[in-house]
Amino acid sequence: MSQTFRWQRTHTCGDLRPGNTGEQVILTGWVQSTRDHGGVIFVDLRDRWGRTQVVFHPEDAALIEQAKRLNMESVIGIRGRVVERPPEMVNPQIETGRVEVVADRLEVLNRARPLPFVIKDPPEALEETRFKYRYLDLRRPAMQRNLLLRHRAAQVVRRYFDENEFLEIETPVLMKSTPEGARDYLVPSRIHPGKFYALPQSPQTYKQLLMVSGFDRYFQIVKCFRDEDLRADRQPEFTQIDVEMSFVDEEAVFTVMEGLMSRLFRETLNREIILPFPRISYDEAMLKYGLDRPDLRFGLEIQDLGDLVPGCGFEVFEQVIRSGGAVRGFRLPGAGTFSRKQVDDLTAFVRNFGPKGLIAVQFQPDGVKSPVSKFVAAGWMERLRSRFGVETGDAVLIVASDKKGVCDALGNLRNKLAADFGLIDRSRMAPLWVTEFPLLDWDSGENRWVAMHHPFTAPRPEDIPLLETDPGKARARAYDLVLNGSEIAGGSIRIHQSGMQSTLFRLLGIDAETARRKFGHLIEALDYGAPPHGGIAFGFDRLVTILAGESSIREVIAFPKTTSAISLMDGCPSEVEPAQLAELGLKWITS
RNA sequence: GGGGCCGUAGUUCAACUUGGUUAGAGCGCCGGCCUGUCACGCCGGAGGUUGCGGGUUCGAGCCCCGUCGGCCCCGCCA
């Protein structure tokens, strides 16, 4: 218990091997567990690098008394000699399992109180408890691995872009609030009472302005903020890999990003992925997979049945087609024997997305079972069977509704069933580009067009005439990168001429005055020699989540917030002093 | 804003169909035994405002209302 001994470790807890046998070493770390056999005592010492077994022998009475009092998660230093374990005592589960350290000196550097939960994988504590004591949760090897992976991914990104002549340039975190897109987080200005900064939803306009400045190739690993409701894959603050390039078209962007993905997989997971990535148009994705982020790791492809409907005899189908809707479905192998309850559950699931129901056509050995059997014309079931290549024992699941409802319902049903019935090949990585997105989307609530990607996205040249005649049909030069059914990046070739930018603002119902006030600097910049440019932004957290094989974004974020945007650890958001409000010229109004 | 699931010991869960005496178990914690374990083992012990507030009832962990919190989903997320 010397106060003067210098506990400077000679090795980490992951270092020692038989080659170190005989060396005197000093280790420091956390007590993972103690095994007191009455005579000999074993202590597993843990740090970021691994775990090493320390042995205390009973000959040194003072030392063994100290060791007896060790408790879990205390921080200690030990000195001792490395010995090789006899073959029958090797622990093959840990890297250092062929050796142990026979201690001759021990000091408790900081004794830990009993912890709220045991540090082990998988965690025994609920997420709620883990978040309250996140600093303890992060001691778990799985969390250390995830954050190490995240770090490595970030370093790969920096190296890759640096090698390709991209500049990492920081953009402001305090910026102007914009009318389009997600709800902004606002920051009141003390110096200008009544005025506000906004935290960036993305550095979109800044990176475009950097292209106008001639930097040509920009990237940034940057925090973005959106004040919207949360999900398993959504946090109020998240990290983007933000990229912009000058004098490029879609192909050039794809090539550089595929190169990045290839490097990421190789240098973090030691995995090769096949280049180039497949591509699919938005329309085809919606038709075959129901979603604009298809998961290609399994089949269950959707087929349109519109051509089978006229004259089929089932009035519900006929009516949906006459009114411009769609009748589509997919084949689910083995679902021919689903119970009534199973089908009812799927029907309830489908109703979440708009359609009134789900028609399950079950092909059973003794015939076809379906609620529409008694309505449809003779031979219709056979046409259905050949359309889907049905084998006995399968079912075809059909949804009839407006097009959006059919896509939503079948797309989500497809994902759910694949997950529920283990149809997803977890060993596969399935990246793809989704292209040819619509430029605009009709917002029936606000009764106006909104940008599907963002208002700076260029229309495809051949669709420019449509802007005046049928804006909803115009396609954008926008693209998403989808990996395993998750949208991990999205971008576009931008508008680089102020005339077109003004046209877009006009289409979006943003009047000239508002456009000038909110985006005047960008429009003006486009007139001073803006190069053609485009870019993309990766959801870094989502990407790392997939690399780590996790299912929630929270598993790769050191200090995440809950689904109600609260930090259970430090209790933010929290109230502030009245004086702070006064200084900002703000007053709390109870509603 | 809406729907679903959940909240019981430090922690993870249980307490039965349909409310009934003293709310149980694993892990952790405390004490004891044990010289080769590595999820050590064995014996004993302590530990509870059943999230909070109200209601129904002779009686509420259980039923009802409200509220707070967690997770999943819809809306939302250019």
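Because only heavy atoms are used, hydrogens play no part in the values below, and waters and symmetry mates are left out as well, while side chains stay in. Per chain, numbering begins at 1; letters A, B, ... match sequence-line order. Computed from a predicted structure; not experimentally measured.
Shown for residues 480-504 of chain A: no residue has heavy atoms falling under 4.0 angstrom of RNA chain B. Looking at residues 406-417 of chain A, you'll see that no heavy atom sits under 4.0 Å from any atom of RNA chain B.
Ion pairing between Asp242(A) and Lys207(A) holds under the 4.0 Å rule for side-chain N and carboxylate O. A salt bridge links Glu244(A) to Arg494(A): at least one charged side-chain nitrogen sits closer than 4.0 Å to a carboxylate oxygen. Using a cut-off of 4.0 Å between Lys/Arg side-chain N and Asp/Glu carboxylate O, Arg35(A) and Asp44(A) are scored as salt-bridged. Salt bridge status for Arg226(A) with Glu228(A): absent, with no side-chain N to carboxylate O gap under 4.0 Å. Glu127(A) has no carboxylate O lying under 4.0 Å from a charged side-chain N of Lys561(A), or vice versa, which leaves the two without a salt bridge.
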* Contact state string [nucleotides 31-41 of chain B, B base, S sugar-phosphate only, - no protein heavy atom under 4.0 Å] -> ---BBBBBSB-

* Using a 4.0 Å cut-off on protein heavy atoms (strictly under), produce a 5'-to-3' string for nucleotides 44-51 of chain B with B for base contact, S for backbone-only sugar-phosphate contact, and - for none. => --------

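By the side-chain contact (heavy atoms from CB on, under 4.5 Å) test, Leu291(A) pairs with Arg293(A), Asn412(A), Asn415(A), sequence neighbours left out. When the side-chain contact (heavy atoms from CB on, under 4.5 Å) test is applied to Ala112(A), the partners found at least two apart in sequence or on another chain are Glu73(A), Ser74(A), Leu115(A). The salt bridge (Lys or Arg N to Asp or Glu O under 4.0 Å) search around Arg517(A) returns Glu513(A), not counting sequence neighbours. Under the side-chain contact (heavy atoms from CB on, under 4.5 Å) criterion, Thr178(A) pairs with Asp184(A), Gln201(A), Phe519(A), not counting sequence neighbours. Considering only residues two or more places apart in sequence or on other chains, Asp137(A) meets the side-chain contact (heavy atoms from CB on, under 4.5 Å) condition with Phe117(A), Arg130(A), Arg134(A), Arg140(A), Met143(A).
Scanning atom types as modelled, no donor and acceptor separated by under 3.5 angstrom connect the side chain of Arg351(A) and the base of C74(B). Side-chain atoms of Arg113(A) and base atoms of G10(B) include no donor and acceptor less than 3.5 Å apart. In this model, no side-chain donor or acceptor of Asn352(A) finds a partner on the base of G3(B) within 3.5 Å.
Base pairing analysis places G48(B) opposite nothing; no Watson-Crick or G-U wobble pair with both distances below 3.5 Å involves it. Across all strands shown, C33(B) is found opposite G41(B) as a Watson-Crick or G-U wobble partner, with both distances under 3.5 Å. Pairing for C27(B) is with G10(B), a Watson-Crick or G-U wobble pair whose two hydrogen-bonding atom distances lie under 3.5 Å.
Within a 6.0 Å radius of CZ in Arg98(A), no more than 12 heavy atoms belonging to other residues, nucleotides or ligands are found.
Sorted by first and then second residue, the ring-ring contact (aromatic ring centres under 6.0 Å, His included) pairs with a member in residues 38-93 of chain A read His37(A)-Phe42(A); sequence neighbours excluded. Identified under the side chain to side chain donor-acceptor pair (under 3.5 Å) test for residues 86-95 of chain A, with sequence neighbours left out: Arg17(A)-Glu95(A).
The phosphate of C76(B) has neither OP1 nor OP2 within less than 4.0 Å of any side-chain N or O from Arg226(A).
Glu250(A) places none of its side-chain heavy atoms less than 4.5 Å from the side chain of Thr435(A). In this structure, Thr347(A) and Val343(A) have side chains that are in contact, with non-hydrogen atoms separated by less than 4.5 Å.
Comparing G55(B) with C16(B), their C1' atoms are spaced 27 Å from each other, to the whole Å. Taking atom C1' on both nucleotides, C27(B) is separated from C40(B) by 15 Å, rounded to a whole Å.
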Extract from the structure each pairing of a protein N or O with an N or O of nucleotides 68-71 of chain B at less than 3.5 Å, listing the distance.
from, atom 1, to, atom 2, distance (Å)
G69(B), O2', Glu128(A), OE2, 3.1
G70(B), OP1, Thr562(A), OG1, 2.6
G70(B), OP1, Ser564(A), OG, 2.9
G70(B), OP2, Ser564(A), OG, 2.8
G70(B), O4', Glu128(A), OE1, 3.3
C71(B), OP1, Thr563(A), N, 3.3
C71(B), OP2, Thr563(A), N, 2.8
C71(B), OP2, Thr563(A), OG1, 2.2
C71(B), O3', Arg554(A), NH2, 3.0

* To do: Report the C-alpha distance between Arg542(A) and Glu555(A) in whole Å, list the side-chain angles of each, state the deciding distance to 0.1 Å, and finish with yes or no for salt bridge (charged side-chain N to carboxylate O under 4.0 Å, His left out).
  => CA-CA 10 Å; Arg542(A) 285 186 190 175; Glu555(A) 299 299 315; over 6 Å; no

* **Chi angles and distances behind the side-chain contact (heavy atoms from CB on, under 4.5 Å) call for Ile546(A), Ser486(A)** => CA-CA 9 Å; Ile546(A) 293 172; Ser486(A) 175; 3.8 Å; yes

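Between the NZ atom of Lys132(A) and the C1' atom of U11(B) there is a distance of 12 Å, given to the nearest Å. Distance, Leu126(A) CG to C72(B) P: 13 Å, rounded to whole Å.
No engagement by Leu230(A) is indicated, since no non-hydrogen atom pair under 4.0 Å with the nucleic acid exists.
Comparing Asp229(A) and His454(A) by the nucleotide of RNA chain B whose heavy atom lies nearest to each, the residue mapping closer to the 5' end is Asp229(A).
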